[in-house]
2 protein chains.
Amino acid sequence: MDIDMIEISKALSNETRLNILKWLRSPEENFPPQGGCLSEPVDLKGGVCVSSIQAKANLSPSTVSNYLDTLQRAGLLLSERHGKWTYYRRNEETLGCLAEYIKTEL
Amino acid sequence: MDIDMIEISKALSNETRLNILKWLRSPEENFPPQGGCLSEPVDLKGGVCVSSIQAKANLSPSTVSNYLDTLQRAGLLLSERHGKWTYYRRNEETLGCLAEYIKTEL
DNA sequence: TTTACATATTGGCAATTCCCGAAATGTGTG
DNA sequence: CACACATTTCGGGAATTGCCAATATGTAAA
């Protein structure tokens, strides 16, 4: 697992993106139940769809979509598409490596 | 100790600033001996003067001075002036808090 | 005080980021 | 197929950052 510290830092240097990461720590506390419209039940692994995140962030859909993409390209989020919806969740592996990196290499 | 995650992330989202932080982990390995021109011996606590950092970073003095200021305002560096020289060193307290913050709050 | 040197501050242009609306794409439904 | 809806991509104006040269400030030595 290699940490691109610059990409990650850029991704983290925006309040909304930081909040999205924090909200996704407890999806059930911060977002309505997910996956209710899916035809088949799927394990969403705590993932939340873009529109739920957009409603909470109070920014335009395109901005939120861009932010989620930024976080994903930095390796901080994972996404999974089910039907019309894309569910984003935290990538705990990268977040763990990040804390470790800061402690041991930065 | 409060972490301003946005300021810190902005400070870390530049390769040279990241390198400066890493170089300052082992000043004696990365920079010439410091404080040799001072009239009285002082404990520099591993601090390195701007010109030594500038020589290694290979950027203009004003850019490096700005970068050091950015890192200090984010709480990542400490500075101490002795004579004509300003010696910068890592602020390990903030760096420790940062790793802790990422692990427990981000 | 004059000079030299270390550093900090200022001004400015190029590049990047922020955030949006508009348009495009993907996907299930009638 | 046509339509509605979720999301992504595109284009652009405002704000911020990157980096420099020029200038200003602080400090020690001549």
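Here is the naming used below: chain letters follow the sequence lines, and residue numbers restart at 1 for every chain.
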Distance-only, no hydrogens or angles: does the Arg17(A) side chain make a donor-acceptor pair with backbone N or O of Lys10(A) under 3.5 Å?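 Yes, because the side chain of Arg17(A) sits within donor-acceptor range (under 3.5 Å) of the backbone of Lys10(A).
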Would you find a donor on one side and an acceptor on the other, under 3.5 Å apart, between the side chain of Gln34(A) and the backbone of Cys49(A)?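 Yes, the answer is positive, given that a donor and an acceptor are paired below the 3.5 Å cut-off.
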Atom pair distance, as rounded to whole Å: [atom1] in [X] and [atom2] in [N]:
{"X": "Gln54(B)", "N": "dA6(C)", "atom1": "CD", "atom2": "P", "answer": "10 Å"}
{"X": "Asn14(B)", "N": "dC20(D)", "atom1": "CG", "atom2": "P", "answer": "11 Å"}
{"X": "Glu80(B)", "N": "dA8(C)", "atom1": "CD", "atom2": "P", "answer": "14 Å"}
{"X": "Ile6(A)", "N": "dG18(D)", "atom1": "CD1", "atom2": "P", "answer": "10 Å"}
{"X": "Leu68(B)", "N": "dA8(C)", "atom1": "CG", "atom2": "P", "answer": "7 Å"}
{"X": "Ile53(B)", "N": "dA8(C)", "atom1": "CD1", "atom2": "C1'", "answer": "14 Å"}
{"X": "Tyr87(B)", "N": "dT7(C)", "atom1": "OH", "atom2": "P", "answer": "8 Å"}
{"X": "Asn58(B)", "N": "dG18(D)", "atom1": "CG", "atom2": "C1'", "answer": "16 Å"}

Are there over 12 heavy-atom neighbours, none belonging to Glu15(A), within less than 6.0 Å of that residue's CD?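 Open: at most 12 neighbouring heavy atoms sit under 6.0 Å from CD of Glu15(A).
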Between [N] and [X], is there an OP1 or OP2 to side-chain N/O distance shorter than 4.0 Å?
{"X": "Thr86(A)", "N": "dT7(D)", "answer": "no"}
{"X": "Tyr88(A)", "N": "dA6(D)", "answer": "no"}
{"X": "Ser51(A)", "N": "dT7(D)", "answer": "yes"}
{"X": "Asn66(A)", "N": "dC18(C)", "answer": "no"}
{"X": "Arg81(A)", "N": "dT8(D)", "answer": "no"}

Can you tell me which nucleotide in dT7(C), dT17(D), dC20(C) comes closest to the side chain of Thr63(A)?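 The listed nucleotide nearest to Thr63(A)'s side chain is dC20(C).
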What about Ser60(A), does its side chain sit under 3.5 Å from the base of dG21(C) through a donor-acceptor pair?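 Under the 3.5 Å cut-off, the side chain and the base do not form any donor-acceptor pair.
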Between the base of dA21(D) and the side chain of Ser62(B), is there a donor-acceptor distance below 3.5 Å?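 Between dA21(D) and Ser62(B), which were checked side chain against base, a qualifying N/O pair under 3.5 Å is present.
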OG1/Thr70(A) to CG/Leu12(A) distance, rounded to the nearest 0.5 angstrom?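 Thr70(A) OG1 to Leu12(A) CG: 11.0 Å, rounded to 0.5 Å.
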Taking atom OG1 of Thr16(A) and atom NZ of Lys56(A), what is their separation to the nearest 0.5 Å?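 It comes to 12.5 Å.
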Heavy atoms only, 4.0 Å cut-off, all strands: where does Ser65(A) land among base, sugar-phosphate and nothing?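 Ser65(A): base contact, heavy atoms under 4.0 Å.
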By nearest heavy atom, map Lys84(A) and Pro61(A) onto DNA chain C; which one lands nearer the 5' end?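 Its nearest nucleotide lies further toward 5', so the answer is Pro61(A).
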